[in-house]
Amino acid sequence: MDWGTFGEWWQSYLRPLLEIGLIAFLIYEVLYFLRDTRGSKVLAGLVIALLGLSFASERLDFKVVKYLLDGFWTILATAVLIIFQPELRRAFAQLGSLAFMQGKHKREFISELVSAVANMSRRKCGALIVIERRIGMRGLADDAVKLDIKVNAMVLESIFYPNSPLHDGAVIIKNGRIIAARAILPLTRADSFSRRLGTRHRAAVGITEETDGVVVIVSEETGTISIACRGGLYRELDPVSLEHYLEKLIIDEDDDALIPEAVHHDTPAEPAGESVGEEESK
């Protein structure tokens with residue numbers, strides 16, 4: 001195909017298809033972003049009212065109403081900007097900070113997580129925290145208690161506080177936000193995994209065998225801090241080492257940050273319990 005033929009195809013077929021696809025993508029993204037917002041119901045009601053009045057004016061030949069509606073449709077774009085002003089401002093703020101602040105936001109989230117884990121380790125408060133990376137965990141989140149909270153040390157500590165309604169199970173974190181609590185994780189069935197390790201640790205390893213997530217575990221029996229990743233369990237970490245590994249795994253996305261020699265499948269631990277998060281709370 002020579003350049004002349006390609007130019008004709010571009011003008012006649014490819015460019016219109018590209019333009020239609022781009023417009024459809026933008027409309028979809030805008031509607032998806034505005035879903036479940038307070039302004040979405042206002043806009044839906046406004047559009048329905050305008051369509052109803054337009055239909056009635058055409059059928060009944062209401063010339064004055066038709067004239068007013070023709071003018072109102074032209075200012076609908078301005079009305080949308082006013083209705084969705086808070087949402088649009090937040091969207092542009094996120095867009096402007098995405099490229100420059102992503103690393104900073106991840107470090108802030110890791111700092112809050114490490115602070116919570118260090119405090120829970122000192123108090124021997126058991127915890128199971130799953131950090132989603134590239135592979136989604138929507139199925140697990142749908143079966144858990146759904147939340148939408150920015151990661152905060154006090155929030156995490158309150159969730160795993162003994163006898164809290166949400167302490168039994170795992171917390172799932174996505175993009176620096178807690179999206180679910182009381183999640184039940186699959187247990188590892190690896191033969192090499194020590195039977196002396198409790199259900200919390202087996203669940204942590206089990207989810208990393210199915211996804212690329214990173215799991216932080218705090219033992220309620222000993223206060224030991226551990227990380228599970230790629231089917232391996234890395235135990236007896238201090239807060240400094242935990243922060244270092246989390247930065248490597250989450251910010252740098254370096255899956256080789258945890259060396260194979262750190263894997264412990266046969267280290268004695270707490271006795272197994274009945275469900276995730278319960279083996280150390282009884």
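We number each residue from 1, following the sequence as shown. Only this structure's heavy atoms are used, side chains among them; waters, hydrogens and symmetry mates stay out. Just so it is clear, the structure is predicted and the values come from calculations on it, not from any experiment.
Other residues, nucleotides and ligands contribute at most 12 non-hydrogen atoms within 6.0 Å of the CG atom of N175. Shown here is D142, whose CG atom has more than 12 heavy atoms of other residues, nucleotides or ligands within 6.0 Å. Other residues, nucleotides and ligands contribute only 12 or fewer heavy atoms inside 6.0 Å of the CZ atom of R138.
Using a 4.5 Å cut-off on side-chain heavy atoms (C-beta onward), I178 and V151 make contact. The shortest distance between side-chain heavy atoms of F160 and V218 does not fall below 4.5 Å. The closest side-chain heavy-atom distance from V130 to L140 is not below 4.5 Å. The closest side-chain heavy-atom distance from L237 to S226 is not below 4.5 Å. Contact of the L166 side chain with the V171 side chain is not registered, since no non-hydrogen atoms from C-beta on lie closer than 4.5 Å. A heavy-atom distance below 4.5 Å is found between the side chains of F109 and I173. In this structure the side chain of C125 reaches within 4.5 angstrom of the side chain of P162, judged on heavy atoms. For the pair L249/R133, a side-chain contact is recorded, criterion being any heavy-atom separation below 4.5 Å from C-beta on.
Under the 4.5 Å side-chain heavy-atom criterion for Ile, Leu, Val, Met, Phe, Trp and Tyr, V145 and V155 are members of the same hydrophobic cluster. Placement of L17 and I23 in two distinct hydrophobic clusters is found when ILVMFWY residues are connected by side-chain heavy-atom separations under 4.5 Å, directly or transitively. V216 is connected to I149 through a chain of hydrophobic side-chain contacts under 4.5 Å among Ile, Leu, Val, Met, Phe, Trp and Tyr, so both are in one cluster.
Taken to the nearest 0.5 Å, the CD1 atom of I217 stands 8.5 Å off from the CZ atom of R235. A distance of 4.5 Å separates CD1 of I227 from CG of L246, quoted to the nearest 0.5 Å. Rounding to the nearest 0.5 Å places CD of E108 at 5.5 Å from NZ of K150. Atom CD in E157 sits 5.0 Å away from atom CZ in R123 (nearest 0.5 Å). The distance from the OG atom of S115 to the CE atom of M120 is 9.5 Å, given to the nearest 0.5 Å. Here CD of E243 is found 13.0 Å from NZ of K248. Values are rounded to the nearest 0.5 Å.
A donor-acceptor distance shorter than 3.5 angstrom exists from the side chain of E132 to the backbone of M137, with no hydrogens or angles considered. For the pair S121 (side chain) and V117 (backbone), a donor-acceptor distance under 3.5 Å is absent.
Taking every heavy atom of both residues into account, T224 and E236 meet most closely at CG2-N, 3.4 Å. In plain terms, the two heavy atoms of A181 and L147 that are nearest each other are CB-CD1, 3.8 Å. Across all their heavy atoms, S219 and H201 have their closest contact at CB-CE1, 4.4 Å. Considering every non-hydrogen atom in both K106 and I250, the closest pair reads NZ-O, 3.5 Å. Shown here for V114 and P239, the closest heavy-atom pair between the two residues is CG1-O, 3.7 Å. Nearest heavy atom pair, residue L128 against residue G169, reads CB-O, 4.0 Å.
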For side chain to side chain contact (heavy atoms under 4.5 Å, CB included), just list the numbers for T208 and R230, CA-CA rounded to whole Å, side-chain angles, deciding distance to a tenth of an Å, and then say yes or no. CA-CA 5 Å; T208 62; R230 295 188 302 169; 5.9 Å; no

So D143 and I184, side chain to side chain contact (heavy atoms under 4.5 Å, CB included) or not? Walk me through it. CA-CA 8 Å; D143 293 333; I184 304 301; over 6 Å; no

